[in-house]
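Scroll down for the structure; my scribbles are underneath it.
Predicted model, so just to flag it, every value in this text is computed and none were measured. Chain letters run A, B, ... following the sequence lines, proteins first and then strands; every chain starts at 1.
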2 protein chains.
Amino acid sequence: MARAATTADVFNAVAEPRRRQIVDLLAAGEISVNELVQLLGLAQPQVSKHLRVLREVGVVDVRDEGRQRLYRLNGQALKPIHDWVKAYEHTWNQRFDLIDDVLAELKAQEEDDANFNGEGDHTG
Amino acid sequence: MARAATTADVFNAVAEPRRRQIVDLLAAGEISVNELVQLLGLAQPQVSKHLRVLREVGVVDVRDEGRQRLYRLNGQALKPIHDWVKAYEHTWNQRFDLIDDVLAELKAQEEDDANFNGEGDHTG
DNA sequence: TTGACGCATTCCCATATCGGCATATGATTG
DNA sequence: CAATCATATGCCGATATGGGAATGCGTCAA
């Protein structure tokens, strides 16, 4: 068996840098193929091919406008990627450590409250 | 030119479902190759190959323990993926719509201020 | 030392890629 | 209708893939 098709899922579709670039460009709004060709500096057929891949996985939608085709981003299709990496965000994001601290402090306060309703510890 | 190597970057490395599965399994802690073979139900050589790819892009680290090799996750290597998709989180997360509203409101206020400050030209 | 174990590497093969190029399709204009 | 513009598709070649099977190699046990 060979490598999975680029259209197999969003992960494969977006593994290609050019396609991520297209997504980034479409973030600004609807763009025609020709405009993308200009912006990317690629040949028109390659752009159309990349767009086809993105279409097949639902990352972009098309709309016919005369003889142009306006592509637009459908960010929702990227959600599976975000859902997956989000689980590993804590490994580089210090904020999660702070959340841990806050939670620990809250828990300690609860225990204090349970024992004695007195002065609150506010040290860091 | 063919498709970019799986070791070209994290995006390509993680496009393979098996490798994401390995990452998910390693989230629990260090695991030996044999354990991964059991958990994945794959042949040992394929697992070693997948691990090699993940190693080359820095997603996993290895440690020798006798005749075993213990793999561990290095979540930081996944950050580029998160950084990229994060920009599109607002398309499915309602919370960001609220932020959008606030930003739009702020922008409207700024424009009001600009007009008030004496921008003579009035387009529209 | 011999053998068994744990893992990595190598070879083979069917497959799908991406880019270049030519061409087909569809809409607009003359 | 013919010509042109905007886009999509088809074919080509070079390349790397992922799984299967065999093998290499270091480590531990007898």
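Residue whose closest nucleotide on DNA chain D sits further toward the 5' end, between A:Ala2 and A:Val62: A:Val62. With the nearest nucleotide of DNA chain D identified for both A:Arg3 and A:Gln68, A:Gln68 has the one nearer the 5' end. Between B:Arg55 and A:Val53, the residue whose closest nucleotide on DNA chain C is further toward the 5' end is B:Arg55.
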Report summary line: 5' to 3', nucleotides 20-30 of chain C under a 4.0 Å protein heavy-atom cut-off (B base, S sugar-phosphate only, - none) gives BBB----BB--
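A donor-acceptor pair under 3.5 Å is absent between the side-chain atoms of B:Arg55 and the main chain of B:Val60, judged by distance alone.
Checked against side chain to side chain contact (heavy atoms under 4.5 Å, CB included), A:Arg19 has the following partners two or more places apart in sequence or in another chain: A:Thr6, A:Glu16, A:His50, A:Val53, A:Leu54.
Taking a 4.0 Å limit (strictly below) on heavy-atom distances, residues 10-37 of chain A reaches DNA chain D at A:Ser32, A:Val33, A:Asn34.
Here A:Thr6 lies in heavy-atom contact (under 4.0 Å) with sugar-phosphate atoms only.
B:Tyr88 and B:Trp92 have their aromatic ring centers separated by at least 6.0 angstrom.
In this entry the distance linking CZ of A:Arg52 with P of C:dA16 reads 14 Å, nearest Å. Atom NE2 of B:His50 is separated from atom P of C:dC7 by 16 Å (rounded to the nearest Å). Taking atom CD on B:Glu56 and atom C1' on C:dT9, their separation rounds to 13 Å, with Å as the unit. Put simply, CZ on B:Arg69 is 11 Å from P on D:dT27, counting in whole angstrom units.
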